[in-house]
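Let me begin by presenting the structure, written as structure tokens, before commenting on it.
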Amino acid sequence: MDTVNIHEAKTHLSRLLARAAEGETIVIAKAGQPIAKLTPIDAPAAGKTRRLGFLEGVFQIPDDFDTMGSTAIAEMFEGGESP
């Protein structure tokens, strides 16, 4: 873990952010006293995130999905038709 002073952090912020993105943790200090920590965020890389609805339009769920096969299932369990 590297420690840098505020002036250096302001001057080289882009470089410090690049190092943090690679997994390094950097401490920012004022007058030698640590005041902040720059750490990488544990987020998926761009393009690796899961999107909701990405299969929209690829297939359709039938309107009777919740009741599909209920008669056959009732017969298997109860030996008769469902009410």
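Since we're looking at a predicted model, the values are computed, not measured.
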Taken to the nearest 0.5 Å, the spacing of Ile28 CD1 from Leu13 CG works out to 7.5 Å
Rounding to 0.5 Å, atoms CD (Gln33) and CG (Asn5) come to a distance of 13.0 Å
- Message: Are Thr25 and Leu38 packed together at the side-chain level, in the sense that at least one heavy-atom pair is separated by less than 4.5 angstrom?
- Response: no
For Ala20 and Pro40 the tightest heavy-atom approach is O-CB, 3.0 Å
What about Leu17 and Met1, same hydrophobic cluster or not, with Ile/Leu/Val/Met/Phe/Trp/Tyr joined at side-chain heavy-atom distances under 4.5 Å?
-> no
Cluster question for you: counting only ILVMFWY and a side-chain heavy-atom cut-off of under 4.5 Å, with indirect links fine, are Ile61 and Met68 together?
yes
So NE2 of His12 and NE2 of His7: to nearest 0.5 Å the spacing works out to 7.5 Å
When clusters are formed by joining ILVMFWY residues with side-chain heavy atoms under 4.5 Å apart, either directly or through shared neighbours, do Leu55 and Phe65 land in the same one? yes
- request: Assess whether atom CG of Asp2 is packed by more than 12 heavy atoms of other residues, nucleotides or ligands within 6.0 Å.
  value: yes
Minimal heavy-atom distance between Ala29 and Gly32, with the atoms involved, is CB-C, 4.0 Å
May I ask you to test the Arg19-Ile26 pair for a side-chain heavy-atom distance under 4.5 Å?
yes
Open item on the list: Same cluster or not: Ile6 versus Val27, using hydrophobic residues (I, L, V, M, F, W, Y) connected whenever any side-chain heavy atoms lie under 4.5 Å apart?
Closed with: no
